[in-house]
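Have a look at the structure below, then the notes.
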Amino acid sequence: MEKVPEIKIKLTDVTERLDEGYLLLSELRKEADAPVVKARLLNKEVIAVYGEEAAKKFYDPRNFKREGAMPKIVLKTLFGEDGVQTLDGKAHEYRKTIFMDLMTPKRMEEYHRILDNNLAHKLNQQQGEFELFDLAKDVLFRSICEWAGIDLSKMTREEIDRVAEYQISMISSAVTNPATHIKGIENRKRSEKWAQKLIENARTNPVAGKEDVALYAFANATDDQGELLPIDVAAVELLNVIRPTVALTVWIALMGHALFSRPDIYQRLRAEFDKLQDSFIQEMRRYYPFFPMLPAFAKQDVEIDGYTIPKDSWVVLDLYGTNHDERTIESPEVFRISRFIGKEKHISYDEEYEMIAQGGGKFKAMHRCAGEWITLHTLRVFSDQLVNKYEFSIPEQDWTIPMNQFPTFPKDKALLYKK
């Protein structure tokens, strides 16, 4: 096995390299002419891997662990402290089961119904030009709160808008300039305070028969030793249902790009909607950039693509690069609406490493996003209503998707016009 090649990055070049954004790791691989590459960024040595075979080894808990791997700047904004993403082994599997027990077919049908009703209500109110991004943020926040058992009726419209915006802020401030990052930290604190009050109230006023509703599930959740989760941890986990769902705002804006900047995609999907809907959704998740990479520490020496990754190495799996890996994906830079016909369910319901927009592996035992099925239902509802239920005019706008921005979406946030 070979030693991992290293790309030397001068201190004066770090800012410029980081500005490569989602393409940084693929550019480093090109420079190294290797599928595995090592570099030092922000005074930290990192080994980057990508591809289906690398993903299989990365998600194997015998090879890698997540504890301590996520940078503090991300924990303080995006994920929060002591959440399920930071756990390993028995503790992780026990905590992850709480999330997966919420995702039953019955509860997914309920989420689908709530979102469908709320989106139709919101679109019926629209007149004139509007941003699909902002519309989706409002609808998704209200819908996931309703599904999670959170009563928003005592909050003003301004308060609801503010807490919804906090969820976006936590995402967009994870990797950014210092001022925006500090704002994201403050907004996470505000969100956690809001969630802690909800948990406290649910513990004080329990409701029978709500065990499969997120608010009450986390209010009553225990750790793998049988101890009730501290209120701050339970609040973080409740937000780990709310925030990622509101984050789908990004994918809705990207759906706007796929449908309305590309008339050929829209027309074909509308003509064969039942046949192509889920394949379109999976191709959209593959093609567009969402979460760029995931970190872990090597628990032992690991061989990936013929290179030895030493024990204790900090390793990142390039999600965007894996979803654009021309070694296993034919014409990865082409949006092919029929690419996943016949494989739609396998991609999101089985142990899987081929397309890992929200992680790979097994749902309960591995660090794969528990909300992937919420994502599918969200994209099904939006695609159905945007394609089949309403007619829109498309204002002139900037459809550019900046690859050096996280998260990224069209610059004008997908402008639509409805009479």
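A salt bridge links E283 with R286: at least one charged nitrogen is closer than 4.0 Å to a carboxylate oxygen. Taking a cutoff of 4.0 Å between a charged side-chain nitrogen and a carboxylate oxygen, R190 and E192 do not qualify as a salt bridge. Ion pairing of E186 with K189 is present here, as a side-chain N (NZ or NE/NH1/NH2) and a carboxylate O approach within less than 4.0 Å. Salt-bridge formation is not detected for the pair R17/E27: no Lys NZ or Arg NE/NH1/NH2 atom is positioned less than 4.0 Å from an Asp or Glu carboxylate oxygen. We find that D60 and K299 are not joined by a salt bridge, their nearest charged nitrogen and carboxylate oxygen being 4.0 Å or further apart. The existence of a salt bridge linking R107 and E110 is excluded, since no basic side-chain nitrogen approaches an acidic carboxylate oxygen closer than 4.0 Å. Between R40 and E6 there is no salt bridge, since no side-chain N of the basic residue sits under 4.0 Å from a carboxylate O of the acidic one. Ion pairing of D224 with R95 is absent here, as no side-chain N (NZ or NE/NH1/NH2) approaches a carboxylate O to less than 4.0 Å. The residues D384 and R380 are annotated as not salt-bridged, no charged nitrogen and carboxylate oxygen being separated by less than 4.0 angstrom.
Pairing each heavy atom of G149 with each of Y216, the nearest pair is O-CE1, 4.3 Å.
One side chain, D116 or Q385, offers a donor N or O that lies under 3.5 Å from an acceptor on the other. A donor-acceptor pair shorter than 3.5 Å cannot be found between the side chains of S26 and Y50. Judged purely by distance below 3.5 Å, without hydrogens or angles, the side chains of T328 and E354 never pair a donor atom with an acceptor atom. Between the side chains of N118 and S143, at least one donor N or O lies within less than 3.5 Å of an accepting N or O. A donor-acceptor contact closer than 3.5 angstrom is absent between the side chains of E2 and T308. Side-chain polar atoms of E52 and T322 form no donor-acceptor pair below 3.5 angstrom. Side-chain N/O atoms of R62 and Q300 include no donor and acceptor closer than 3.5 Å. A donor and an acceptor atom, one from each side chain of T222 and Y94, are located under 3.5 Å apart.
The distance between the ring centers of Y22 and Y288 does not fall below 6.0 angstrom. Ring centers of W251 and F290: under 6.0 Å apart, within the cut-off. Checked against the 6.0 Å centroid threshold, F297 and F64 do not count as a close aromatic pair. Checked against the 6.0 Å centroid threshold, F406 and F291 count as a close aromatic pair.
A cation-pi arrangement is not found for K411 relative to W399, the charged atom failing to lie both closer than 6.0 Å to the ring centre and inside a 45° cone about the ring normal. Under the 6.0 Å distance and 45° angle rule, R243 does not count as a cation-pi partner of F141.
Ring orientation note: the planes of F280 and F335 are tilted relative to one another, at an angle of 30° to 60°.
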From CA spacing to verdict: side chain to side chain contact (heavy atoms under 4.5 Å, CB included), L25, Y320: CA-CA 9 Å; L25 299 182; Y320 181 76; over 6 Å; no

Between S313 and I309, is a side chain to side chain contact (heavy atoms under 4.5 Å, CB included) present by the stated rule, with each step listed? CA-CA 7 Å; S313 297; I309 296 178; 3.9 Å; yes

Assess whether side chain to side chain contact (heavy atoms under 4.5 Å, CB included) is satisfied between F340 and D278, documenting all intermediate values. CA-CA 8 Å; F340 291 105; D278 276 1; over 6 Å; no

Decide side chain to side chain contact (heavy atoms under 4.5 Å, CB included) for T378 and Y111; before the verdict, give the C-alpha distance in whole Å, the side-chain angles of both, and the deciding distance to 0.1 Å. CA-CA 9 Å; T378 298; Y111 172 76; 2.7 Å; yes

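Within 6.0 Å of atom NE2 in H121, 12 or fewer heavy atoms from other residues, nucleotides or ligands are found, so the atom counts as exposed in its surroundings.
In this structure the side chain of L87 never reaches within 4.5 angstrom of the side chain of K96, judged on heavy atoms. Side-chain contact between R285 and L379 is present, with heavy atoms from C-beta onward closer than 4.5 Å. In this structure, the side chains of V387 and L259 come closer than 4.5 Å at one or more pairs of heavy atoms.
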